Structure formats: structure tokens, C-alpha cells
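One structure is given here, and the rest of the page talks about it.
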Protein chains: 2
Amino acid sequence: MSSEAPRPGTSDHSNTLIGKAFESIRKDIIASELKPGEKLRIAQLRTRYGVGTSPLREALSRLVSEGLVTARGQRGFWVPPVSVEDSEDIVETRVVLETYALRASIKVGDDEWEGQIVGAYHNLRRVEQRFADEPAGSFAEWWERNRLFHEALIAACPLKWLLRFQHIVFDLHNRTHRSSMQTPNLSPDLFEDHRLIMEATLARDARKAVELLEHHIRRPPEPAGE
Amino acid sequence: MSSEAPRPGTSDHSNTLIGKAFESIRKDIIASELKPGEKLRIAQLRTRYGVGTSPLREALSRLVSEGLVTARGQRGFWVPPVSVEDSEDIVETRVVLETYALRASIKVGDDEWEGQIVGAYHNLRRVEQRFADEPAGSFAEWWERNRLFHEALIAACPLKWLLRFQHIVFDLHNRTHRSSMQTPNLSPDLFEDHRLIMEATLARDARKAVELLEHHIRRPPEPAGE
DNA sequence: AAATCATAAAAAATCGATATTTTTTGTGCA
DNA sequence: TGCACAAAAAATATCGATTTTTTATGATTT
């Protein structure tokens with residue numbers, strides 16, 4: 001009997017069309033290639049992602065609970081619209097979860113945890129330096145490494161469920177940012193934030209780290225043109 | 001064009017077999033009728049809930065993101081097992097979310113909010129009184145009204161996403177409690193907690209209300225026997 | 001004439017049956 | 001006991017049928 005019940009919160013969908021569709025659609029929604037408010041028609045998605053109806057609908061169903069897709073019975077699926085109220089809600093919820101997790105991490109984090117942060121920051125820094133030269137090419141990459149850096153900061157928090165929720169609102173926040181800028185546009189202030197947050201965190205200065213992180217999360221997206 | 005994109009976090013699955021299956025399975029998992037660690041075989045569930053493969057799998061997919069079902073690619077679905085670590089994780093996450101939401105509610109709640117709390121408490125009190133006489137008959141009802149009472153307490157919190165996450169961990173916490181007791185067994189201390197929490201909340205004594213709520217959430221389930 | 005309502009046609013979502021693929025179980029052999 | 005292979009079971013995916021919603025059209029009312 002090698003069929004063990006997996007731990008809660010597990011979602012191993014490797015090697016299935018469901019998994020492929022799930023990841024692809026998730027990626028496209030976060031990147032705002034599937035635009036906020038857009039109707040997700042099954043027939044269209046089938047040709048776009050090259051899978052049948054069933055795996056497609058199952059992937060969409062999974063995304064519903066993550067808030068990246070909304071469903072109405074017998075009416076189909078949509079990309080949820082982006083509104084100011086929702087964005088503020090997402091930002092403040094992210095502040096609550098992420099500052100708690102950062103405090104907890106600073107309290108119990110070990111050498112291994114510190115090393116992961118330094119490594120993630122290094123990778124992030126690389127893209128940030130490259131961003132000035134070729135913004136378009138490094139934009140998507142920046143978001144991914146930004147996510148990994150923030151995850152590393154709070155990885156020592158023992159509450160797995162809280163981290164899971166943080167992941168969800170992070171993705172949602174990511175999407176609102178990306179949908180608000182037509183062209184890649186990242187403030188150098190954001191980059192500076194990262195350095196300061198890391199320094200305060202490694203110095204175990206919880207109060208300062210949390211304050212910096214709050215400002216960082218609340219920082220509004222750069223206006224499109226300048 | 002009456003097809004409007006619904007707000008994020010919406011899940012209206014009315015009148016679909018998916019919705020029926022989703023609610024039924026969710027209910028049975030929380031009530032531990034589908035037991036922790038149990039394999040969820042599609043063929044069995046089809047006869048049990050009287051629906052076909054497609055709506056069944058979609059319902060299960062939705063439950064995966066809520067943590068009430070786990071999935072392994074090509075291996076199928078399980079009811080997640082209950083472990084001590086997971087339970088502590090769930091409890092502490094619930095404390096973080098629910099105390100924040102209670103504080104926020106006390107800060108901004110209006111008359112309407114207060115009325116809902118009093119009403120929910122009244123309904124809950126009724127079942128709690130009935131519980132002494134017929135525990136088996138009022139057990140499931142108690143859980144539902146308990147949930148409604150706790151939701152009423154924090155309903156004025158403006159962060160919809162935080163409330164949504166609270167709902168998820170509440171259900172998970174509910175399940176761990178129910179799976180730990182073979183026979184209905186609720187402590188009178190729990191009932192007393194409710195009264196005190198309500199009083200402190202309506203008195204707008206945030207510090208006291210939060211302290212009581214923390215103790216209440218952390219209170220372990222009654223041991224099965226006496 | 002404009003607006004409302006009913007009806008029909010088209011489109012789309014939903015569902016179940018069947019075929020395919022993968023995993024699990026069972027059996028014989030080294 | 002361990003391994004290879006075959007059989008069975010189970011999950012997954014595709015397809016087509018059914019149901020529901022949406023759109024289009026025309027008649028009726030104000």
C-alpha cells in the first residue's frame with residue numbers, strides 16, 4: 001500500500017493536463033495577459049492551452065478558491081475585475097499576514113533561514129540591476145524573484161496556513177500591480193526597500209523591519225508615464 | 001449584456017450539480033463522516049452523492065484549495081489526515097486572523113453590527129441550552145450557530161480577504177474538533193466563553209474581548225470519555 | 001415612435017458515458 | 001525474499017448529448 005494520504009494544503013498535480021492548465025492560466029492571469037473582467041470561454045481556452053474541457057474546467061475550479069478566477073453557476077468563468085477597494089483590501093490583508101510572519105521569522109529563524117534570504121536577495125538584486133537596461137526583458141523575471149525574496153524573509157514562520165494565505169494575497173497584489181501598468185515601470189525606491197528590509201531583518205530588528213515592510217507593501221504602483 | 005464579471009472571491013454555484021456535490025462533501029468532511037486520511041474514490045462518491053464524474057471532480061478540485069481535500073496527480077483525492085502539528089497551526093492561525101478581525105470590528109462596528117451579534121448569540125444560546133437534554137440531536141446545529149456567532153462578531157472588519165481566510169481555518173478547526181470526539185461532548189466553559197466575549201465586545205473593550213477570544217479558540221476539545 | 005414583452009435561434013455551459021493512460025495489485029519465477 | 005511481468009483497478013481525458021443562458025427578432029402596448 002504505497003498510497004499515503006498527503007498532508008493538508010498539498011496540491012501535487014504534476015504530469016497531469018490539469019496541472020499544466022492550472023499553472024499556465026494562473027501565470028497568464030497574474031501577468032494580466034488574461035485581463036481583469038474578461039470572460040473565460042471554454043472553447044477559446046481549449047484552443048489556447050491545447051487541452052480538453054475536463055482538465056480545463058478543473059484547473060479553473062482550483063483557481064476559483066485562490067481568487068484568481070470567479071465562477072457563476074451555468075454562466076461560466078471570469079477573470080475577476082480589479083477595483084480600488086479590492087486592491088486596498090488585498091494590500092492591508094497582505095500587511096497583516098506578512099508582518100506577522102516576518103516577526104515570527106525574526107524570532108525563530110536560524111542560520112539556514114538567513115542564508116536563504118541572502119541568496120534570494122542576491123538573485124533579486126541581479127535582475128534589478130539589469131532592469132535599467134532592458135526593462136521589458138527582465139520584468140516577468142523580477143516579479144518571480146521578488147516573490148522568492150519575500151517568501152524567504154518569512155519562511156521561518158511556523159504557521160504554514162498563514163504562509164499559504166500570504167501566498168494567495170501576494171499573487172493577487174502582484175496582479176493588481178501588473179494590470180495598472182501597461183509598460184514595465186519599477187521604482188528604484190522599491191529596490192532600496194529590499195536592501196533595508198533585509199538588513200533590518202538580519203540584524204533581528206523586528207520593529208524596524210516590520211515598519212519598512214509595511215511601507216514597502218503599501219507603496220503604490222508607479223504611474224504609467226512620467 | 002447581463003453577463004457582468006463578478007467580484008473577486010465570489011463562488012456562486014447555485015443550481016449546479018457541482019454546487020450540490022461541493023456543499024455535501026464539504027459538510028461530510030467537516031462533520032468527519034468522511035474520515036481523516038480516507039481515500040475518496042470517484043466511483044464510490046458517484047453512487048453516494050448521485051452525480052456523474054465531471055461535477056464530482058470539479059467539486060473536489062474546489063475543495064482542494066480550501067484545504068478540505070488533498071490531491072495527488074494521477075493518484076486521486078484524499079481527506080487530509082489530522083495531526084497534532086496541523087491542528088496547532090490551524091489554531092494559531094485562527095487566533096491571528098480572528099483577533100485582528102475582532103479588534104477591527106470593535107473599532108468600526110455600528111448598531112447594525114451589534115444587533116447581528118445579539119441575534120446570533122440568542123440563536124446559539126438556544127441550542128446550548130437544548131444540548132444538555134439531547135446532545136446528539138443538537139450537535140450539528142450547535143456547530144453551525146457557533147460559526148454564525150463568531151462570524152457576526154467579526155463581520156464589521158473591512159478586510160474581506162482576511163475574513164475569507166478566517167472562514168477557511170474555522171472550518172478546518174471545526175473538523176479537527178469533531179474528528180477528536182466520537183460522541184458529542186461540549187464543555188459548559190465554551191458556552192460561558194461566548195457570553196463573556198459578547199459582553200466585552202459590546203462594551204467595546206477590545207483588549208478584554210481579544211484575550212477572551214484567544215483563550216476560547218485555544219481551548220482544547222473535551223476528551224471523549226469522563 | 002419608443003419601450004416592453006414574448007418567442008425563437010444561437011451560443012455556451014454543464015453533464016455523463018466511454019476510451020485511454022497510469023497506478024496498483026496479484027502471480028510466478030529466480 | 002526479491003524481481004519481472006501480467007491483470008485489475010483507478011484516475012484522467014475526450015467526446016458528444018443535454019440543459020441553460022444569451023442574443024436576436026418581431027409583436028404588442030403605451
Side-chain angles (χ1 to χ4, degrees), chain A residues 1-7 10-26 29 34-35 37-65 68-81, chain B residues 1-7 10-26 29 34-35 37-65 68-81:
Chain A
M1 183 74 151
S2 70
S3 58
E4 275 298 305
R7 305 214 80 68
T10 306
S11 60
D12 169 25
H13 43 226
S14 51
N15 289 339
T16 64
L17 294 187
I18 299 165
K20 304 287 167 57
F22 178 87
E23 294 297 346
S24 305
I25 297 172
R26 178 172 167 280
I29 290 177
L34 292 171
K35 297 203 173 55
E38 184 175 345
K39 180 76 194 291
L40 294 169
R41 287 201 181 73
I42 300 295
Q44 285 183 17
L45 297 182
R46 273 187 23 166
T47 63
R48 172 165 183 163
Y49 296 104
V51 296
T53 308
S54 302
L56 200 49
R57 289 185 57 90
E58 285 188 41
L60 290 170
S61 298
R62 296 268 280 267
L63 288 165
V64 166
S65 300
L68 287 171
V69 167
T70 52
R72 300 174 67 193
Q74 309 281 27
R75 310 271 189 99
F77 300 92
W78 279 262
V79 182
Chain B
M1 182 73 151
S2 69
S3 59
E4 275 299 303
R7 306 215 78 68
T10 307
S11 59
D12 169 26
H13 43 227
S14 53
N15 289 339
T16 63
L17 295 186
I18 299 164
K20 304 287 167 57
F22 177 87
E23 293 297 346
S24 305
I25 298 172
R26 178 173 166 280
I29 290 177
L34 292 171
K35 297 204 174 53
E38 184 176 345
K39 180 75 196 291
L40 294 169
R41 287 201 180 74
I42 300 294
Q44 285 183 17
L45 297 182
R46 274 188 19 167
T47 63
R48 172 165 183 162
Y49 295 103
V51 296
T53 309
S54 304
L56 198 50
R57 289 185 56 89
E58 284 187 43
L60 291 170
S61 299
R62 295 268 280 268
L63 288 165
V64 165
S65 300
L68 287 171
V69 167
T70 52
R72 300 174 65 193
Q74 307 283 25
R75 310 271 188 98
F77 300 92
W78 278 263
V79 182

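Order of the sequence lines fixes the chain letters, A, B, ..., with proteins taken first and strands second; residue numbering starts at 1 for each chain. If you're wondering where the values come from, they're calculated on a predicted model, not measured in any experiment.
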Checklist line | Nearest-0.5 Å distance that lies between atom CD in A:Q74 and atom CD1 in B:I18 | finding: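 One finds 8.0 Å between CD of A:Q74 and CD1 of B:I18.
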Item checked: Inter-residue atom distance B:R57.CZ - B:L45.CG, 0.5 Å rounding ->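 One finds 11.0 Å between CZ of B:R57 and CG of B:L45.
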Rounding to an integer number of Å, can you tell me how far [X] [atom1] sits from [N] [atom2]?
| X | N | atom1 | atom2 | result |
| --- | --- | --- | --- | --- |
| A:I42 | C:dC15 | CD1 | P | 12 Å |
| A:L17 | C:dT20 | CG | P | 16 Å |
| A:L60 | C:dA12 | CG | P | 16 Å |
| B:Y49 | C:dC15 | OH | C1' | 19 Å |
| B:R41 | D:dA8 | CZ | P | 18 Å |

Notebook entry, point to check: Any donor-acceptor pair under 3.5 Å joining the side chain of B:T53 to the base of C:dG16?
Noted result: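 Flag unset: no donor-acceptor pair detected.
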Next item on the list: Scan A:L40 against the nucleic acid and name what it touches under 4.0 Å (heavy atoms): base, sugar-phosphate only, or nothing.
Entry: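 It contacts sugar-phosphate atoms only.
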Item checked: OP1 or OP2 of C:dA13 under 4.0 Å from side-chain N/O of A:K39 ->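 For A:K39, the contact criterion (side-chain N or O under 4.0 Å from OP1 or OP2 of C:dA13) is met.
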Next item on the list: Report yes if a side-chain nitrogen or oxygen of B:R75 is closer than 4.0 Å to either non-bridging phosphate oxygen (OP1 or OP2) of C:dT24; otherwise report no.
Entry: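 Answer yes for this pair, as a side-chain N or O of B:R75 is under 4.0 Å from OP1 or OP2.
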Check: Between B:I29 and B:L68, which heavy-atom pair has the shortest distance, and what is it?
Finding: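 Closest pair (atom of B:I29, atom of B:L68, distance): CD1-O, 3.3 Å.
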